[in-house]
Amino acid sequence: MKYTITGATGHLGKIVVQNMINLVGSENVRAAVHTPAKAAQLTKLGVEVVKTDYLDIATMTTSFEGTDVLIYIPSKTYNVLQRVTEFENTLIAMKQANVTEIVFVSFFADQENNPFTMSAYYGYVPRRLAGSGLKYAVIKNSLYADPLIPYLPELIERKHLIYPVGDEKLSFITQKDSAEAIANLAIKAELRNHGQIYTLTQVKAYKMTELGKIMSKVTDEKIGYAPVSVTEFADIYASEGDGTELGSMYQAGAMGLMDLTTADFKKLTGHDPETMTDFLSKNYQK
């Protein structure tokens with residue numbers, strides 16, 4: 001079996017590749033990347049590295065040839081039309097390369113009434129796959145816990161979390177756990193070839209007051225909760241280039257749309273995901 005992973009040089013993609021190597025051996029793993037020069041470490045691991053471009057069907061077709069299962073990690077653009085175009089190109093390239101099985105890595109902010117900028121895209125893909133004739137599964141990530149680590153110094157300085165979600169809860173998963181679940185799903189045909197949809201979360205979702213208490217314990221600093229408005233949040237992080245998009249995501253959180261918890265991670269891996277307390281404790285350094 002040959003497993004091809006797109007986005008393999010990204011934060012999540014690199015961990016997925018390593019998990020796949022552990023499960024099936026590097027000779028059965030192919031990394032389809034936009035810039036092969038950035039994939040030197042993957043080459044050292046014995047992984048086949050091929051160039052691909054979501055906007056170039058011919059290049060994608062070549063990179064997919066000989067693939068048994070495609071693990072599709074989308075690009076990071078917030079342009080919905082471009083993301084849709086990239087996926088439509090992927091479907092064409094899969095057909096031309098005779099690839100019939102796909103694991104699509106998605107996000108759980110996809111409800112019809114979800115105001116998150118990318119909600120329309122994440123809602124579109126499962127419906128598109130349902131009519132594609134492909135064997136597929138969709139695996140949705142909840143919020144990544146990982147960005148909380150570099151965010152902690154700012155929160156310590158602010159003394160508060162400021163996410164505009166009110167009393168609603170947010171659900172998280174670590175990228176390490178996400179990658180493990182994705183890899184396990186990819187190698188288990190009985191779990192992925194019938195349109196199954198999985199959502200990866202920790203066992204517990206958190207109100208921001210609860211999350212602040214965990215952060216306070218881990219850092220030995222007082223971190224409370226003083227939410228700003230969605231507009232204020234977008235303005236605070238506008239200079240980072242995604243303030244509006246992040247604001248729309250937390251707007252969804254304030255609507256109670258991002259608090260789902262499931263046992264899907266355990267179903268795919270056989271064990272519980274890492275808890276928020278353990279994750280922050282292991283990774284935070286003063």
**Prompt:** If we only count heavy atoms from C-beta on, is the Tyr144 to Leu12 side-chain gap below 4.5 Å?
**Reply:** yes

**Prompt:** Is Arg158 salt-bridged to Glu154, going by a charged N under 4.0 Å from an acidic O?
**Reply:** yes

**Message:** As a quick check of understanding, evaluate salt bridge (Lys or Arg N to Asp or Glu O under 4.0 Å) for Glu210 and Lys217, giving each step before the final call.
**Reply:** CA-CA 11 Å; Glu210 295 173 318; Lys217 182 177 180 180; over 6 Å; no

**Asked** Taking atom types as modelled, is there a side-chain donor on Asn79 or Gln82 under 3.5 Å from an acceptor on the other?
**Response** no

**Prompt:** Shortest non-hydrogen contact from Val218 to Ser281?
**Reply:** CG2-OG, 3.6 Å

**Asked** Would Glu221 and Ser216 count as having a side-chain donor-acceptor pair, cut-off 3.5 Å?
**Response** no

Only pairs under 3.5 Å count here: list side-chain donor-acceptor contacts from residues 241-249, not counting sequence neighbours, and write none if there are none.
unit_1 : atom_1 : unit_2 : atom_2 : d
Ser248 : OG     : Thr117 : N      : 3.0
Ser248 : OG     : Thr117 : OG1    : 3.1
Ser248 : OG     : Glu245 : O      : 2.6

**Asked** What's the spacing between Asp259 CG and Ser142 OG if we round to 0.5 Å?
**Response** 11.0 Å

**Asked** Within a strict 4.5 Å, meaning less than it, do heavy atoms of the Tyr54 and Met60 side chains meet?
**Response** yes

**Message:** Taking NZ in Lys95 as the centre, count heavy atoms belonging to other residues, nucleotides or ligands within less than 6.0 Å. Is the count above 12?
**Reply:** no

**Request:** Take Asn141 and Ser178 through the side chain to side chain donor-acceptor pair (under 3.5 Å) test and state the conclusion after the steps.
**Result:** CA-CA 7 Å; Asn141 286 309; Ser178 172; 2.6 Å; yes

**Request:** Determine whether Phe64 and Thr62 make a side-chain contact, defined as any pair of heavy atoms from C-beta on separated by less than 4.5 Å.
**Result:** no

**Prompt:** Any side-chain heavy atom of Met276 within less than 4.5 Å of one from Lys204?
**Reply:** no

**Prompt:** Between Phe107 and Phe116, does the ring centre distance come in under 6.0 Å?
**Reply:** yes

**Message:** Restricting to non-hydrogen atoms, name the atom on Pro153 and the atom on Ile149 that form the minimum distance, rounded to 0.1 Å.
**Reply:** CD-O, 3.7 Å

**Item:** Close side-chain approach of Leu55 to Glu86, heavy-atom, < 4.5 Å
**Value:** yes

**Request:** Check the pair Asp167 / Lys207 against salt bridge (Lys or Arg N to Asp or Glu O under 4.0 Å), numbers first and verdict last.
**Result:** CA-CA 6 Å; Asp167 289 331; Lys207 289 187 176 183; 5.5 Å; no

**Complete:** The reported gap from CD1 in Ile156 to NZ in Lys222 (rounded to nearest 0.5 angstrom) is 13.5 Å

**Request:** Decide whether Thr52 and Ser63 meet the rule of one side-chain donor and one side-chain acceptor closer than 3.5 Å.
**Result:** yes

**Request:** Could you tell me the separation between the CG atom of Leu152 and the CD1 atom of Ile223, rounded to the nearest 0.5 Å?
**Result:** 5.5 Å

**Asked** Using 4.0 Å as the upper bound for N to carboxylate O, is an ion pair formed by Lys2 and Glu48?
**Response** yes

**Prompt:** With under 30° as parallel and over 60° as perpendicular, where do the rings of Tyr250 and Tyr163 fit, or are they tilted in between?
**Reply:** parallel

**Request:** Over all heavy atoms of both residues, which pair between Ser171 and Leu260 is shortest? Give the atoms and the distance, please.
**Result:** OG-O, 2.7 Å

**Prompt:** Can you tell if the side chain of Glu88 reaches within under 4.5 Å of the side chain of Arg128, non-hydrogen atoms only?
**Reply:** yes

**Prompt:** Does Ile5 share a hydrophobic cluster with Leu91, counting links as ILVMFWY side-chain heavy atoms below 4.5 Å and allowing steps through other members?
**Reply:** no

**Prompt:** In a check of side chain to side chain donor-acceptor pair (under 3.5 Å) between Glu274 and each of Lys282, Lys176, Gln202, which one passes?
**Reply:** Lys282

**Asked** Are Ile102 and Val69 close enough that some pair of their side-chain heavy atoms sits under 4.5 Å apart?
**Response** no

**Asked** Judged by atom type as modelled, is there a donor-acceptor pair below 3.5 Å linking the side chain of Lys51 to the main-chain atoms of His34?
**Response** yes

**Request:** On the 0 to 90° scale, with breaks at 30° and 60°, tag the Phe104-Phe87 ring pair as parallel, tilted or perpendicular.
**Result:** perpendicular

**Request:** Applying side chain to side chain donor-acceptor pair (under 3.5 Å), run through Arg83 and Thr77 and close with a yes or a no.
**Result:** CA-CA 7 Å; Arg83 284 259 199 120; Thr77 178; 5.7 Å; no

**Item:** Test side chain to side chain contact (heavy atoms under 4.5 Å, CB included) applied to Arg30 and Tyr3, step by step
**Value:** CA-CA 6 Å; Arg30 175 188 293 157; Tyr3 300 87; over 6 Å; no

**Request:** State, to 0.1 Å, how close Asn19 and Ala183 come at their nearest heavy-atom pair, and which atoms those are.
**Result:** CB-CB, 3.6 Å

**Request:** Enter the distance from Phe108:CZ to Ile173:CD1 here, rounded to the nearest 0.5 Å.
**Result:** 10.5 Å

**Request:** Sort out for me which residue in Leu200, Ile71, Thr199 forms a side chain to side chain contact (heavy atoms under 4.5 Å, CB included) with Ile139.
**Result:** Leu200

**Nearest-0.5 Å distance that lies between atom NZ in Lys213 and atom CE in Met208** = 13.0 Å

**Asked** Are Thr219 and Tyr284 close enough that some pair of their side-chain heavy atoms sits under 4.5 Å apart?
**Response** yes

**Request:** Please name the pair of heavy atoms, one in Val17 and one in Val47, separated by the smallest distance, quoted to 0.1 Å.
**Result:** CG1-CG2, 4.0 Å

**Request:** To the nearest 0.5 Å, tell me how far Phe279 CZ sits from Thr174 OG1.
**Result:** 6.0 Å

Enumerate, atom names and distances included, each donor-acceptor pair closer than 3.5 Å involving a side-chain atom of residues 186-194, sequence neighbours excluded.
unit_1 : atom_1 : unit_2 : atom_2 : d
Lys188 : NZ     : Asn184 : OD1    : 3.4
Lys188 : NZ     : Leu268 : O      : 2.9
Arg192 : NE     : Ala186 : O      : 2.6
Arg192 : NH1    : Glu101 : OE1    : 2.4
Arg192 : NH2    : Ala186 : O      : 3.2
Asn193 : ND2    : Glu101 : OE1    : 3.4

